[in-house]
There are 2 protein chains.
Amino acid sequence: MSEQSLASIKTSLQEGGFKLTPQREATVKVLLEKDHLSAEEIFMHLKQTNPDIGLATVYRTLEILTQLNITHKVLFEDGLARYDIRRESNKQFHLHLLCMECGKIKEIYDDLISDLEKEIEKKYHFQVEDHRLIFHGICTDCYQKRQNKTPELSAETRK
Amino acid sequence: MSEQSLASIKTSLQEGGFKLTPQREATVKVLLEKDHLSAEEIFMHLKQTNPDIGLATVYRTLEILTQLNITHKVLFEDGLARYDIRRESNKQFHLHLLCMECGKIKEIYDDLISDLEKEIEKKYHFQVEDHRLIFHGICTDCYQKRQNKTPELSAETRK
DNA sequence: CTCGTTGCAAATCCTTTGCACGTCC
DNA sequence: GGACGTGCAAAGGATTTGCAACGAG
């Protein structure tokens with residue numbers, strides 16, 4: 001499942017002059033398990049196994065991992081950054097579906113974007129190295145729920 | 001050029017129960033001139049014509065405009081939100097090219113994405129209402145500059 | 001020893017809020 | 001004179017930084 005193994009990440013870290021400390025290892029393990037977690041969420045998970053870990057360490061680790069291109073930082077509209085391990089499968093084709101109703105984020109791997117990328121490179125002479133694509137909308141579940149309830153919920157999505 | 005005129009925006013505001021105050025008008029004018037400005041940048045521009053305006057007012061105005069769907073708020077990876085007027089032409093098809101070398105943001109209107117949207121709706125039963133697409137890469141200018149300089153600049157893009 | 005790493009607390013940055021004062025019907 | 005808007009200052013929340021202590025080689 002995870003072509004990005006702990007071992008390969010350790011190597012990357014070392015090549016960058018960093019060590020795989022227990023805190024970093026634990027952080028990476030969390031990242032390997034779950035995607036698009038925020039720093040705070042990762043911190044919470046870590047607390048269970050490493051109660052002494054500090055939030056700052058998590059941020060520092062995530063910064064390093066992102067610099068080394070091991071991890072992918074994405075800023076969501078709620079102002080929170082989420083982090084994903086870059087796996088082989090999502091290195092290129094990776095997009096999010098964010099439901100505006102329930103807030104759930106679904107992850108999609110699909111190469112539909114790679115065509116778009118090629119188009120962009122050709123049409124605009126822009127060398128694409130990465131992308132970030134999020135669709136905002138209504139997920140299947142919420143759509144169905146809507147059908148059964150009052151038909152005008154669309155505007156009330158704000159706090 | 002701007003199908004979104006001051007007049008039509010005034011109407012939208014009033015329909016939403018808001019007034020087009022001088023501060024709001026000035027803010028809208030800035031937004032009509034330039035795209036993807038941050039709140040701070042908009043504030044700077046405004047200072048020239050309305051020296052007494054407060055940053056908070058700018059934020060409040062932007063919030064209203066975004067709620068009314070007049071403006072589009074996009075969070076960039078630097079943690080700053082930028083705002084664009086939603087014009088007819090970019091209401092649907094709107095993407096950014098962010099150069100990782102010089103930091104410039106170029107805006108593209110292209111309906112390539114609408115096909116993708118349809119695909120997503122079909123394949124994943126997700127009703128798309130909006131999207132946010134940014135390509136990270138190297139713009140034409142920087143790409144050409146690179147060719148003339150040392151060939152290994154790729155890793156040093158950090159502060 | 002030395003250097004990278006850590007936890008904590010303080011600092012920072014962007015953004016939001018509280019509040020008293022203005023303004024417009 | 002009540003509701004909406006404003007500027008300012010303070011608060012807020014996420015992230016970063018300074019620093020003394022720690023730990024492996």
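Every chain is numbered from 1, with letters handed out A, B, ... down the list of sequences.
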Give the rounded distance in Å between these two atoms: CD1 of B:Ile53 and P of D:dG7.
-> 6 Å
Grab the two heavy atoms, one from A:Asn50 and one from A:Pro22, that are nearest each other, plus how far apart they are.
-> ND2-O, 4.2 Å
side-chain hydrogen bond (donor to acceptor under 3.5 Å, both in side chains) partners for A:Glu41, two or more places apart = A:Ser38
CD of A:Glu25 versus P of C:dT5: gap in Å, rounded?
-> 15 Å
List, by chain and number, the other hydrophobic cluster members for B:Phe76, where Ile, Leu, Val, Met, Phe, Trp and Tyr join if side-chain heavy atoms come within less than 4.5 Å, directly or indirectly.
-> B:Val74, B:Leu98, B:Ile105, B:Ile134
The complete set of ring pair (Phe, Tyr, Trp, His ring centres under 6.0 Å) pairs with one or both residues in residues 6-56 of chain B, sequence neighbours excluded, reads B:His36-B:His96
Take atom CG of A:Asn50 and atom C1' of C:dC8, then tell me their distance rounded to the nearest Å.
-> 17 Å
Between atom CZ in A:Phe43 and atom P in C:dT6, what is the gap in whole Å?
-> 14 Å
Can you check nucleotides 12-15 of chain D for protein contacts, nitrogen or oxygen pairs under 3.5 Å, and list what you find?
residue, atom, partner, partner atom, Å
D:dT15, OP1, A:Ala81, N, 3.3
D:dT15, OP2, A:Tyr59, OH, 2.1
D:dT15, O5', A:Tyr59, OH, 3.0

Here the distance between atom C1' of D:dA24 and atom CG of A:Leu20, to the nearest Å, is 14 Å
In the hydrophobic clustering (ILVMFWY, side-chain contacts below 4.5 Å, transitive), which residues join A:Leu80, or is it alone?
-> none
To the nearest angstrom, how far is B:Leu62 atom CG from D:dT6 atom C1'?
-> 15 Å
Protein N or O to nucleotides 1-5 of chain D N or O, pairs below 3.5 Å:
residue, atom, partner, partner atom, Å
D:dG5, OP1, B:Lys19, N, 2.9
D:dG5, OP1, B:Arg24, NH1, 3.0
D:dG5, O5', B:Arg24, NH1, 3.4
D:dG5, O5', B:Arg24, NH2, 3.4

Side chain to side chain contact (heavy atoms under 4.5 Å, CB included) partners for B:Lys104, two or more places apart = B:Cys102
Who pairs with B:Arg24 by side-chain hydrogen bond (donor to acceptor under 3.5 Å, both in side chains), at least two apart in sequence or on another chain?
-> none
Which atom names give the shortest non-hydrogen contact between A:Thr140 and B:Tyr124, and what distance separates them?
-> OG1-O, 3.7 Å
With sequence neighbours excluded, tell me which residues meet side-chain hydrogen bond (donor to acceptor under 3.5 Å, both in side chains) with A:Arg60.
-> none
Quick one: hydrophobic cluster around A:Met44, which other residues, with the 4.5 Å side-chain cut-off, linked directly or via members?
-> none
Distances under 3.5 Å only, N/O to N/O: pair up the protein atoms with those of nucleotides 18-21 of chain C.
residue, atom, partner, partner atom, Å
C:dG18, O6, B:Arg60, NH1, 3.3

Any pair with a residue in residues 47-68 of chain A that passes ring pair (Phe, Tyr, Trp, His ring centres under 6.0 Å), sequence neighbours left out, goes on the list, sorted by first then second residue, please.
-> none
